[in-house]
Chemist: 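Following this message is one structure expressed as structure tokens.
Convention: sequence-line order gives letters A, B, ...; per-chain numbering from 1.
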Protein chains: 2
Amino acid sequence: MSADRAGQPITMRQVAEAAGVSIATVSYVVNDKKGARIGPEARQRVLDAVKELGFRPNALAKTLSSGSSNFIGLVADAIATTPFAGQIIHGAQDEAWKHGYVLLVANTEGDLAAEEAAISMMLEHKVRGILYSTWYHRAVTAPPALHETEYVLVDCFDTATPAPAVVPDEREGGNVATRLLLNAGHTRIAFVNTTTPSPARSGRLAGYRDALQGAGIAFDPTLVLDAAPEQEGGYAVAGRIRDLGVTGVFCHNDRVAMGLYDGLRELGLTIPNDIAVVGFDNQEVIAAHLRPPLSTVALPHYELGAAGVRVLLGLQEAPTGAPLAISCPPVPRASV
Amino acid sequence: MSADRAGQPITMRQVAEAAGVSIATVSYVVNDKKGARIGPEARQRVLDAVKELGFRPNALAKTLSSGSSNFIGLVADAIATTPFAGQIIHGAQDEAWKHGYVLLVANTEGDLAAEEAAISMMLEHKVRGILYSTWYHRAVTAPPALHETEYVLVDCFDTATPAPAVVPDEREGGNVATRLLLNAGHTRIAFVNTTTPSPARSGRLAGYRDALQGAGIAFDPTLVLDAAPEQEGGYAVAGRIRDLGVTGVFCHNDRVAMGLYDGLRELGLTIPNDIAVVGFDNQEVIAAHLRPPLSTVALPHYELGAAGVRVLLGLQEAPTGAPLAISCPPVPRASV
DNA sequence: TTGAAAGCGCTAACAG
DNA sequence: CTGTTAGCGCTTTCAA
């Protein structure tokens, strides 16, 4: 009955014949065109035929004919390696669908040729625009081909071009994280930052300072340590943390916090009684299941993706000159 | 010069005019058609015009005209929540690209309506076929709409239909994991299985028994425990594990192993000296950064995605009646 | 209220 | 060797 596996797909022409109307009429009722005045009688016959035959409009023909495609491209550099890219995709897709667009995603794993190919492919599919995203917040230089269409940078930015960009508000995030500790009464708080220069590194530090200042606490540079941004880094600074005599620690990310948990435990310290810990990123697998569950600050990847398409579609204004900063909400659990 | 932001995209017609040839000729040289005999002179003029104008063929028009689309749909149920789905996407995409196809991905987060909508969308874009994937190996019942095209199930299977499916070889994986312990000389090995019934639960257990048998060790049912498949589950069984007097433990997954690490440590036991531990899944964030790094077995998500498209395209045979089982390679680290 | 017809950009016979 | 032409499935004036 319907367009099963076998035969060619049903076309409008066939529906028109079955309903005994013209193909134009079918187009009108299928698309529920407003201007069109179709008799209820004819309309019903068309609807019946559509159901009967299992007609699926050909989106490609529609695009070709109407001139405007419903594709939005998303090139990501690390779909595979982190859950973060997944969140961006998810957010972008939900938002795109909401506005009748379909996501064309391409994974490049950082490979330049793949990136080039991905963008070409998207351009050939006449996408409405492209979201160029990275899995961690950083500066990039947009591939030249990108300029052939509209695009917005997601979780990255390019100082050389005035392209719109959407990034997490690292500074506010650092502030929020620190306040998680401050609000619990801690006043002597260490910050385990990362060794690698990045917007996250400087932004979160600035936020940490903002929060202290807001609480009337003097910034003490000896309280900020640098560590490799993984478990190993956190583990390695445990001793120094203890020696600092702090009661709270803000870690650059959840993985560092996880390592710190191990280190602190080996020193006989308990969390949060002896030392309170807060992370950053809200990486579920880790944060939600540490003992005790880690209080942290979420990186708004879903929102980045969603905001990216909104900006691309002109539904949301992006400040010119600077990226649109999306805020990082606190996720309190039990480590403070 | 090229089709920048502003104007309408360049078409073949314009290239033809610029090169002083017919539009058919342009088509031939652009597609490098074999049958076509184009004079080197004309061909060069076309190539020049293409470059000059920045011509990008319209993939949609091409599809419409040639009748065969180059889309492959991938519907995933949890892009956002795990890195696993990302790996499937990555594998599927690499393989698809290799054969000239483009991935149309849709995330459904398990929502039935979204699933329905996603499949419709793909059908309307006349995809060559659809990959229906889940983020963990399980039985599903394929949505009816899927039957309107060719499809293959990835990381899931449907006993009600003879549709091709690609899944991880849980049994062999369990075997491999156990042998990691066996090969290190352990003979009294516990298996912390999950409480939730699934192909993983029964398959890995079967593999565990296979391995023991292969080593001439009698299966002892008291050595297999059930635990919730997260950190908490592993943590909870630490005491019982110690009491069992085993020297090695195979955990149902890496998260359980992570919890067990904590539990064992609290009991004063060290890994791997007092007890060797192996996990399953090879979840990077965790496995690679535990102390000591966790020996585990990898779930072949990338391969699942890749094999899925191969089967879909008829490039690889899938056994009828049963899913194609992809093997799970060992990832030895330092916990054995 | 409906239908005829002219494209959208490209492919693929078929003529020259 | 290269150009003409008839579609692909659909949208959209413009007539009827």
Chemist: Which residue pairs pass the side-chain hydrogen bond (donor to acceptor under 3.5 Å, both in side chains) test with at least one member in residues 136-146 of chain B, sequence neighbours excluded?
Modeler: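 Pairs touching residues 136-146 of chain B that pass the test: B/Asp77-B/Arg138, B/His137-B/Glu170.
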Chemist: Ring-plane angle category for A/Phe84 and A/Trp135, please: parallel below 30°, perpendicular beyond 60°, tilted otherwise.
Modeler: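 Ring orientation of A/Phe84 relative to A/Trp135: parallel.
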Chemist: Take atom NE2 of B/His125 and atom P of D/dG9, then tell me their distance rounded to the nearest Å.
Modeler: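 My rounded result for the distance is 16 Å.
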Chemist: Where each residue is assigned the nucleotide of DNA chain D containing its nearest heavy atom, which of B/Lys126 and B/Ser22 is assigned the position nearer the 5′ end?
Modeler: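 The residue whose closest nucleotide sits nearer the 5' end is B/Ser22.
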Chemist: Could you state the CD-P distance from A/Gln8 to D/dG7, rounded to the nearest angstrom?
Modeler: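 Answer to the nearest Å: 16 Å.
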Chemist: What's the CG-C1' distance between A/Leu64 and C/dC8, to the nearest Å?
Modeler: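 One finds 4 Å between C1' of C/dC8 and CG of A/Leu64, rounded.
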Chemist: With a 3.5 Å distance limit and no angle check, can you tell me whether A/Ser66 reaches the backbone of A/Lys62 through a side-chain donor-acceptor pair?
Modeler: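 A pair under 3.5 Å: yes.
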Chemist: Roughly how many Å is it from CD in B/Glu41 to C1' in D/dC1, rounded to a whole number?
Modeler: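 Value for this atom pair: 12 Å.
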Chemist: Check nucleotides 10-13 of chain C for protein N or O atoms closer than 3.5 Å to its own N or O atoms and list the pairs.
Modeler:
from: C/dC10; atom 1: OP1; to: B/Asn58; atom 2: N; distance (Å): 3.0
from: C/dC10; atom 1: OP2; to: B/Met12; atom 2: N; distance (Å): 2.5
from: C/dC10; atom 1: O2; to: B/Ser65; atom 2: OG; distance (Å): 3.0
from: C/dT11; atom 1: OP1; to: B/Asn31; atom 2: ND2; distance (Å): 2.9
from: C/dT11; atom 1: OP2; to: B/Ser27; atom 2: OG; distance (Å): 2.7
from: C/dT11; atom 1: OP2; to: B/Asn31; atom 2: ND2; distance (Å): 3.3
from: C/dT11; atom 1: O4'; to: B/Ser65; atom 2: OG; distance (Å): 2.6
from: C/dA12; atom 1: OP2; to: B/Lys33; atom 2: NZ; distance (Å): 3.2

Chemist: Counting C-beta onward and ignoring hydrogens, is there a side-chain heavy-atom pair between B/Tyr101 and B/Val309 closer than 4.5 Å?
Modeler: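 SC-SC contact between B/Tyr101 and B/Val309 ruled out.
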Chemist: Could you tell me whether the side chains of B/Arg56 and A/Ser120 share a donor-acceptor contact shorter than 3.5 Å?
Modeler: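 A/Ser120 and B/Arg56 do have a side-chain donor-acceptor pair below 3.5 Å.
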Chemist: Could you tell me how far apart A/Asp32 (CG) and D/dT11 (P) are, to the nearest whole angstrom?
Modeler: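 To the nearest whole Å, that distance equals 13 Å.
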Chemist: Could you write out DNA chain C as a dot-bracket string, with dots for unpaired bases, | for bases paired across to another strand, and Watson-Crick or G-U pairs counted at under 3.5 Å?
Modeler: ||||||||||||||||
Chemist: May I ask you to test the B/Val21-B/Val29 pair for a side-chain heavy-atom distance under 4.5 Å?
Modeler: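 A side-chain contact is absent here, since even the closest heavy-atom pair is not under 4.5 Å.
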Chemist: Find the distance A/Arg43:CZ to C/dG3:C1' and express it as a whole number of Å.
Modeler: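 Rounding to the nearest Å, CZ of A/Arg43 and C1' of C/dG3 are 17 Å apart.
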Chemist: If I take atom OG1 from residue A/Thr108 and atom NE2 from residue B/His90, how far apart are they, to the nearest 0.5 angstrom?
Modeler: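 Those atoms lie 8.5 Å apart.
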Chemist: Is A/Thr63 close to A/Lys126 at the side-chain level, that is, under 4.5 Å between some pair of heavy atoms?
Modeler: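 Not in contact.
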Chemist: What is the distance, to the nearest angstrom, from the CD atom on A/Gln44 to the P atom on C/dT1?
Modeler: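 Atom CD in A/Gln44 sits about 16 Å away from atom P in C/dT1.
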Chemist: Hey, are B/Arg310 and B/Glu303 close enough for a salt bridge, meaning a charged N less than 4.0 Å from a carboxylate O?
Modeler: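 A salt bridge links B/Arg310 with B/Glu303.
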